[in-house]
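One structure is given below, encoded as structure tokens.
Hydrogens, waters and symmetry mates are skipped; everything else that's a heavy atom, side chains included, is used. Protein chains get the first letters and strands the later ones, always in sequence-line order, with residue 1 at the start of each. Keep in mind it's a predicted model, so treat the numbers as computed, not measured.
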Number of protein chains: 2
Amino acid sequence: MYDHSCSNCAMSEICLPLGLDKADIGRLEKIVTTSAVRHTGDNIVRQGDAFQNVYAVKSGMTKSYRFDDAGTEYIHSFHLPGELFGLDAIYAKRYGFTVEALDTVVLCEMNFEELQVLCSHVPSLQRQVFNLLSRDLYNSHVNPIEHFDQTAEQKLSGFLHNLLSRFHARGHVSMELHLPMSRRDIANHLGLAPETISRLLKRFQQQNVIDIKNRLVTIVDQVKLESMVHCHALEASITPSEITRSVK
Amino acid sequence: MYDHSCSNCAMSEICLPLGLDKADIGRLEKIVTTSAVRHTGDNIVRQGDAFQNVYAVKSGMTKSYRFDDAGTEYIHSFHLPGELFGLDAIYAKRYGFTVEALDTVVLCEMNFEELQVLCSHVPSLQRQVFNLLSRDLYNSHVNPIEHFDQTAEQKLSGFLHNLLSRFHARGHVSMELHLPMSRRDIANHLGLAPETISRLLKRFQQQNVIDIKNRLVTIVDQVKLESMVHCHALEASITPSEITRSVK
DNA sequence: AGAATTAATTGATTTAGATCAAACCCATTT
DNA sequence: AAATGGGTTTGATCTAAATCAATTAATTCT
């Protein structure tokens with residue numbers, strides 16, 4: 001739709017172009033277009049639609065969700081700049097998730113057939129697509145949305161910690177996290193009740209781990225937050241460092 | 001290690017060779033070897049080992065598990081004939097899971113570097129590897145090990161139903177499932193306590209859904225089993241069909 | 001700006017499944 | 001055949017987080 005340049009994109013080092021030389025990036029740019037600006041609530045792809053393109057987020061945040069056969073909604077993921085989505089639809093040939101803009105979003109779009117053809121001519125691109133697919137697979141195997149034995153506290157602290165490190169990996173330095181999604185979205189994503197999210201955020205604030213102003217979360221004590229992710233039974237009155245790790 | 005033939009393998013239609021013509025299957029066979037027989041408890045790959053090969057199960061069953069930083073074990077998956085493992089290690093360059101034989105197992109082994117090179121010369125193979133990666137990704141996104149809002153009953157019935165349909169897709173016709181893994185393994189895999197597995201299997205038997213003799217499970221009523229996967233609140237005294245689906 | 005609507009919080013109660021504790025059942029081994 | 005030791009089952013109790021029920025705070029709309 002618009003002229004596209006991967007060479008000048010701030011996300012090129014964590015996105016598709018990683019590992020490509022200048023000439024090959026040029027070939028990639030030819031099959032990538034930059035989308036018009038999407039606004040809050042806009043759907044980028046819809047669950048069930050025929051698969052055609054894979055997307056990379058250039059700026060803003062998206063959420064992916066689906067409704068199962070029983071009509072239950074599952075919010076699977078939130079995508080940050082430099083992250084791809086749509087790769088899980090290659091096999092099924094239909095998108096499994098609706099992807100929606102949570103704020104003002106700009107995307108890169110590429111036709112997967114063209115990408116596949118380019119991959120067979122550019123080995124380093126084929127390698128990078130294998131790498132990105134494998135990384136997504138590894139992440140969903142090793143860090144699934146929730147580990148069944150995780151407490152609500154572990155899930156929420158893990159969620160905040162994960163978001164913060166992804167932002168930092170993208171060059172952000174601030175300890176402020178603007179969460180454009182609702183508490184209900186966070187709750188659904190983590191498999192918890194919205195009430196539980198409310199109560200936990202309040203407790204995290206009382207324990208001086210975070211500071212909340214509506215949807216703006218400031219990480220006050222990153223070390224304490226990280227220890228919460230791993231510690232099983234954290235009593236409200238005991239600091240995490242005082243707890244001996246219980247090895248099952 | 002041993003001579004290998006994909007052309008004569010019963011699993012070729014659901015494994016890597018799918019979509020390849022005769023000549024290309026011949027090229028694939030050159031980089032695949034068939035392993036010596038592995039026995040119960042043998043490790044095929046170990047968590048943390050340098051990634052080198054991807055594997056396909058030719059016969060028997062394996063389990064994949066890992067220990068997280070806190071020392072907690074997670075049993076991630078059980079692999080049936082025709083299924084690949086190791087693809088999630090491409091990016092990390094180390095295996096994230098130990099894969100262990102649950103009974104007598106024969107495997108196909110291929111060096112991933114060689115497979116990658118072959119993919120850039122055989123477009124239909126590249127396509128199939130993308131498809132298999134995408135399918136695994138889709139499955140782990142859409143059917144994660146457990147959905148947080150699933151009851152223990154849904155998880156276990158889903159597990160049995162999933163195993164049965166995978167066996168049937170592989171040409172088995174029997175309603176008998178030999179589960180070579182322990183109750184503890186099933187429990188860990190589903191994020192439940194072994195006691196819960198015991199109690200549920202007993203109840204399933206009392207409701208004439210299955211029949212159990214140690215580790216041999218016979219599916220007596222497949223329809224009822226399937227309905228259990230989807231129904232939320234199944235009272236012991238009410239049959240699933242009597243319950244109105246609750247749409248959240 | 002004020003009304004209407006939706007999102008978020010707070011408190012009381014309930015419950016599914018974990019945990020604890022003990023018995024039992026197989027399969028080996030001696 | 002008795003003994004050892006996992007794996008499995010069964011029962012009693014406990015608890016984290018859901019659900020139910022209001023209330024309060026933010027948005028959005030007119």
Among residues 182-196 of chain A, which ones have heavy-atom contacts with DNA chain D below 4.0 Å?
A:G191, A:L192, A:A193, A:E195, A:T196

If you pin B:N214 and A:N214 to their nearest nucleotides in DNA chain D, which one's is more 5'?
B:N214

For B:E73, is there any backbone N or O sitting under 3.5 Å from a side-chain donor or acceptor partner on B:N188?
yes

Is it true that the side chains of B:N162 and B:R166 contain a donor and an acceptor less than 3.5 Å apart?
yes

Applying side chain to side chain contact (heavy atoms under 4.5 Å, CB included) between B:M11 and each of B:P81, B:C108, B:S59, report the one that passes.
B:P81

Gap between atoms CZ and C1', on B:R203 and C:dA16 respectively (whole Å)
11 Å

Check: C:dT19 base within 3.5 Å donor-acceptor of B:R199 side chain
yes

To the nearest angstrom, the CD-C1' distance between A:Q205 and C:dT9 comes to 13 Å

Mark yes when over 12 heavy atoms from residues, nucleotides or ligands other than B:F159 sit less than 6.0 Å from its CZ; otherwise mark no.
yes

Whole-Å distance, B:E153 CD to C:dA18 P, equals 14 Å

Between the base of D:dG7 and the side chain of B:R215, is there a donor and acceptor pair under 3.5 angstrom?
no

For B:F51 and B:Y95, take the angle between the two ring planes, folded into 0 to 90°, and tell me which bin it lands in: parallel under 30, tilted 30 to 60, perpendicular over 60.
perpendicular

Would you please say whether a donor-acceptor pair under 3.5 Å links the side chains of A:T34 and A:H4?
yes

Rounded to the Å, how far apart are B:L200 CG and D:dT8 P?
15 Å

Hey, does B:I186 have a side-chain heavy atom less than 4.5 Å from the side chain of B:L156?
yes

Please determine whether a side-chain nitrogen or oxygen atom of B:K202 lies at a distance below 4.0 Å from atom OP1 or OP2 of D:dT9.
no

B:K224 side-chain N/O to B:Q207 backbone N/O, donor-acceptor pair under 3.5 Å
yes

List the atom pairs, with distances to 0.1 Å, where a side-chain N or O of residues 189-197 of chain A and a protein N or O form a donor-acceptor pair under 3.5 Å, not counting sequence neighbours.
{"unit_1": "A:H189", "atom_1": "ND1", "unit_2": "A:I75", "atom_2": "O", "d": "3.0"}
{"unit_1": "A:H189", "atom_1": "ND1", "unit_2": "A:H76", "atom_2": "O", "d": "3.2"}

B:S198 side chain, from C-beta outward: closest of C:dG17, D:dT9, D:dA17
D:dT9

Output the rounded distance in Å from CD (B:Q206) to C1' (D:dT10).
12 Å

Looking at five pairs on each end of the helix from C:dA1-D:dT30 to C:dT30-D:dA1, what is the angle between the two axes, given to 10 degrees?
40°

To the nearest Å, give me how far apart CD (B:Q150) and C1' (C:dT15) are.
18 Å

Between C:dG17 (P) and B:L201 (CG): distance, integer Å
14 Å

Please report, rounded to the nearest Å, how far the P atom of D:dA17 is from the CG atom of A:L156.
11 Å

